[in-house]
Amino acid sequence: MVHEWLACFAERVETGRGLLNELDRFIGDGDHGTNMVRGMSAVVALVPEPDQGISGYLRQVAMTLIRDVGGAAGPLYGTFFLRACGVLAILPEPSHAVWCAALQAGVEGVAERGRCMLGDKTLFDVLAPAVDAFAADFVDPWGAAARRADSSRLQTADMIASKGRAAFLGTRSLGVVDPGATSASWLMAAGAEVMPSS
Ligand code: ADP
Ligand code: MG
């Protein structure tokens with residue numbers, strides 16, 4: 001299930017590599033798509049062991065992203081999955097409540113690792129509201145998360161970057177959708193595509 005989610009995310013990243021690089025060319029160094037494809041290809045190549053469970057698998061995913069993505073986004077996505085897997089290790093039954101706790105832990109991890117807040121124009125501006133929407137929807141949490149993620153992605157165009165390379169541009173970062181916010185919206189869209197509703 002989680003394996004399919006990440007395989008679907010990997011496909012979206014591969015298809016959208018050019019767009020991610022282009023957005024990053026506007027407000028960064030043009031490599032976000034390349035970084036994400038490198039990391040997610042390595043994730044897809046991981047072979048989940050039969051007895052490792054969701055948590056063990058996500059730990060492997062996290063370490064791979066931290067190691068293989070490069071740039072700022074790799075450790076941030078890696079931290080997201082590492083914190084989530086910590087919750088799933090304690091509460092392995094993937095009910096709606098458990099997923100909420102895991103995803104919320106992931107979001108908190110991103111905030112700590114990136115020292116970012118809402119409005120900084122980063123992937124956090126998508127992940128945090130998407131997980132809030134997930135938590136509030138008991139019928140179609142992944143769909144709700146994906147829809148919120150997509151609108152939040154677009155809202156990053158109206159933000160002035162204050163974290164990462166884009167922060168050097170100040171107000172010149174206005175008008176461009178953040179590349180990390182875009183990949184994060186695809187992570188949620190992939191969840192909506194393949195994860196069962198709880
Ligand atoms: P790099 O900036 O090192 O080239 P990437 O291009 O892969 O790394 O990723 C850039 C994305 O990372 C940005 O679009 C932004 O969403 C995210 N990002 C950068 N710095 C931070 C941070 N401090 N906190 C949260 N997200 C960040
Ligand atoms: Mg970059």
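As the structure lists them, so they are numbered: ligands from 1, and atoms in each ligand from 1.
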Could you say whether the N/O atoms of Lys121 and ligand 1 ever approach to under 3.5 Å? no
Looking at ligand 1, does any of its N/O atoms fall within less than 3.5 Å of an N/O of Gly180? yes
Please report the shortest heavy-atom distance between Pro129 and Arg148, naming the atom on each side. O-CG, 3.4 Å
The Mg ion (ligand 2) to Asp31: nearest N/O/S atom name: OD1
Do Glu49 and Gln60 have a side chain donor and acceptor closer than 3.5 Å? no
Quick check: closest heavy atoms across Leu58 and Cys85, and the distance to 0.1 Å? CB-CB, 3.6 Å
CG (Asp178) and NZ (Lys163) are apart, to the nearest 0.5 Å, by 13.0 Å
So, applying side chain to side chain donor-acceptor pair (under 3.5 Å) with Arg165, which one of Asp24, Asp29, Asp31 is it? Asp29
Within the structure, is a non-hydrogen atom of Arg165 found at a distance of less than 4.0 Å from ligand 1? yes
Look at the side chain of Asp125 and the backbone N and O of Thr122, then say whether any donor-acceptor pair between them is shorter than 3.5 Å. yes
For ligand 1, does Asn35 get within less than 4.0 Å through its side chain, its backbone, both, or neither, judged by non-hydrogen atoms? side chain
Would you please say whether a donor-acceptor pair under 3.5 Å links the side chains of Asn21 and Thr34? yes
Quick check on the hydrophobic clustering: are Trp186 and Val126 connected, directly or via other members, by side-chain heavy-atom contacts under 4.5 Å? no
What's the separation between atom NE2 in His96 and atom CH2 in Trp142, rounded to the nearest 0.5 Å? 9.5 Å
Could you tell me, atom by atom, which parts of ligand 1 come under 4.0 Å of a heavy atom of Asp29? 4 (O)
Of all N/O/S atoms in Asp29, which lies nearest to the Mg ion (ligand 2)? OD1
Heavy-atom contacts under 4.0 Å between Cys116 and ligand 1: side chain, backbone, both, or neither? side chain
Looking only at heavy atoms, is any part of Leu76 under 4.0 Å from ligand 1, and if so is it the side chain, the backbone, or both, or is it neither? side chain
Min N/O separation Gly114 to ligand 1 under 3.5 Å: yes
Asp24 heavy atoms, cut-off 4.0 Å: which ligand 1 atoms fall inside? 6 (O)
Within-shell test, Gly28 vs ligand 1, heavy atom, strictly < 4.0 Å: no
Which single N/O/S atom of Asp24 lies at minimum distance from the Mg ion (ligand 2)? OD2
